[in-house]
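Okay, structure first, notes after.
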Number of protein chains: 2
Amino acid sequence: MIQNQHLTSTMEDYLETIFILSREKGAIRIKNIAKRLGVKMPTVTNMLKNLNEKGFIDYEKHEFLELTEKGLAIGKEIDRRHEIIRSFLTDILKIDYWLADEEACKMEHGMSPETLNRLIKFIDFVQSCPMTGESWLKYFNEYCQFGFETEKCLEHMEKFSKEDKKELILRKKKDENRHQLS
Amino acid sequence: MIQNQHLTSTMEDYLETIFILSREKGAIRIKNIAKRLGVKMPTVTNMLKNLNEKGFIDYEKHEFLELTEKGLAIGKEIDRRHEIIRSFLTDILKIDYWLADEEACKMEHGMSPETLNRLIKFIDFVQSCPMTGESWLKYFNEYCQFGFETEKCLEHMEKFSKEDKKELILRKKKDENRHQLS
DNA sequence: AAATAAAGTTAGGGGGATCTAATTATATTT
DNA sequence: AAATATAATTAGATCCCCCTAACTTTATTT
């Protein structure tokens with residue numbers, strides 16, 4: 001009973017939306033799906049039939065609407081991608097939240113797991129590396145506004161040598177203590 | 001005589017491809033467009049008619065095929081986006097070139113100019129900020145492989161304090177000299 | 001120049017995602 | 001409970017992009 005497993009990015013969008021709605025409220029309304037996706041209700045009804053046949057949702061007209069295990073996995077995964085990409089856009093590039101959210105929608109499909117993992121690591125790295133972190137991201141913002149300024153740049157480096165470095169040495173000591181305990 | 005200006009991302013892909021081919025060789029062959037886009041020849045012929053009607057190309061069957069000014073602008077712009085995104089993926093995230101190229105295809109549409117500009121700035125900033133640059137990207141690679149290692153991290157910081165900082169101070173002096181000359 | 005090969009086009013069809021208009025089912029008011 | 005409002009579905013159509021098969025035009029051989 002292997003059904004046509006082909007999943008379009010539109011279908012992924014529907015599953016993501018249903019996933020999000022199911023997290024928010026009890027009942028998932030066709031109206032709400034339509035609103036969120038910017039389509040009309042009959043379009044949703046159509047797609048629900050389709051997703052039902054393919055085994056991604058349990059759906060009885062006028063009655064139930066629920067993700068199957070398979071559908072849930074996909075909805076969740078797309079949502080995860082969405083969050084990651086939006087994080088990159090808001091936290092690193094400092095793009096406005098709603099613009100970032102919109103763009104994330106367009107990028108969340110098709111991106112390979114490899115690239116996605118790299119992106120996760122990159123966000124982590126920028127935030128945890130003592131060379132960078134929030135202060136560096138602040139400098140990036142200044143750079144966007146004023147370009148490269150040697151004077152500012154030296155200031156940043158002074159600050160780094162004096163403050164951030166000490167913090168790391170502190171962190172190192174904590175690490176060592178932890179090792180001794182275990 | 002205002003035609004239907006609506007431009008789909010598929011149409012953008014065709015214009016990009018034609019732009020690239022026109023840069024490479026003299027004659028733009030339907031066969032080559034088809035090959036590059038992974039479609040059959042009749043599909044291309046269809047689209048060319050469409051693009052012709054909409055004023056993006058000049059096209060006489062069995063004869064000419066050329067981008068109009070309008071079509072050129074779009075083809076060029078999509079190509080630019082493609083390059084920028086691929087740069088980010090290869091130069092910053094260090095993704096394999098061909099995978100990056102593939103992913104760039106999927107992301108190059110829909111991305112807002114704002115985000116694109118931010119991305120350009122970001123690539124520039126990472127590469128030109130003395131805190132980061134190539135060495136920092138190398139550290140990122142290590143981080144991806146081995147995670148966060150306090151020991152390594154301290155080494156990096158030492159190296160930074162000793163070498164990279166000096167380089168910047170040198171740069172500053174050059175700047176000052178330039179100012180005195182002018 | 002005739003025969004063959006390659007490139008391009010036409011014709012007709014299909015799947016995916018959307019719409020409007022009309023209908024039916026469910027919820028809410030009075 | 002009847003009337004009304006809201007939500008959901010069905011039916012039928014459109015648009016976009018792709019396909020195969022058959023045909024025509026252009027290029028290459030012999």
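Just so we're on the same page: letters track the sequence lines, and every chain starts at 1.
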Quick one: [X] [atom1] to [N] [atom2], roughly how many Å, whole number?
X	N	atom1	atom2	value
A/Lys31	D/dA8	NZ	P	8 Å
A/Met47	D/dT9	CE	P	15 Å
B/His6	C/dT18	NE2	C1'	12 Å
B/Ile28	C/dG8	CD1	P	11 Å
B/Asn46	D/dC16	CG	P	12 Å
A/Lys40	D/dA11	NZ	C1'	18 Å
B/Met41	D/dT24	CE	P	16 Å
A/Lys49	D/dA11	NZ	P	7 Å

Using the side-chain heavy atoms of A/Tyr59, tell me which of these nucleotides is nearest: C/dC19, D/dA21, D/dT9.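 Nucleotide nearest to A/Tyr59's side chain: D/dT9.
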From D/dC18, C/dT18, C/dT9, nucleotide with atom closest to B/Tyr14 side chain: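 So the nucleotide nearest the side chain must be D/dC18.
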Which part of the nucleic acid, if any, lies within contact of A/Thr10, taking any heavy atom under 4.0 Å across all strands shown: a base, the sugar-phosphate backbone alone, or nothing?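 It contacts sugar-phosphate atoms only.
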So what does B/Thr8 touch, heavy atoms closer than 4.0 Å: a base, only the sugar-phosphate, or nothing?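 Since only primed, P, OP1 and OP2 atoms lie under 4.0 Å of B/Thr8, the category is sugar-phosphate.
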Detail all sub-3.5 Å separations between protein N/O atoms and N/O atoms belonging to nucleotides 25-28 of chain C.
none

Supply the atom-to-atom distance A/His109 NE2 to A/Asp13 CG, rounded to the nearest 0.5 angstrom.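 One finds 3.5 Å between NE2 of A/His109 and CG of A/Asp13.
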Flag the pair [X] / [Y] as yes when at least one side-chain heavy-atom distance between them is below 4.5 Å, and no otherwise.
X	Y	answer
B/Leu37	B/Val44	no
B/Leu137	B/Asp91	no
B/Ile57	B/Leu15	yes

With the threshold set at 4.0 Å, does a side-chain nitrogen-carboxylate oxygen contact exist between B/Arg29 and B/Glu24?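 A salt bridge is absent here (no side-chain N lies under 4.0 Å from a carboxylate O).
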Hey, which of these two, B/Leu48 or A/Leu37, hits DNA chain C nearer its 5' end, going by closest nucleotide?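 The residue mapped nearer the 5' terminus is B/Leu48.
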Can you say whether the rings of B/Trp136 and A/Trp136 are parallel (under 30°), tilted (30 to 60°) or perpendicular (over 60°)?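 B/Trp136 and A/Trp136: tilted rings.
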Indicate the ring-plane relationship of A/Phe140 and B/Phe125, choosing parallel, tilted or perpendicular according to the 30° and 60° boundaries.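 A/Phe140 and B/Phe125: tilted rings.
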Check the phosphate of C/dT18 against A/Thr43, side-chain N and O only, distance under 4.0 Å to OP1 or OP2. Yes or no?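 It does not, given that no N or O in the side chain of A/Thr43 lies less than 4.0 Å from OP1 or OP2 of C/dT18.
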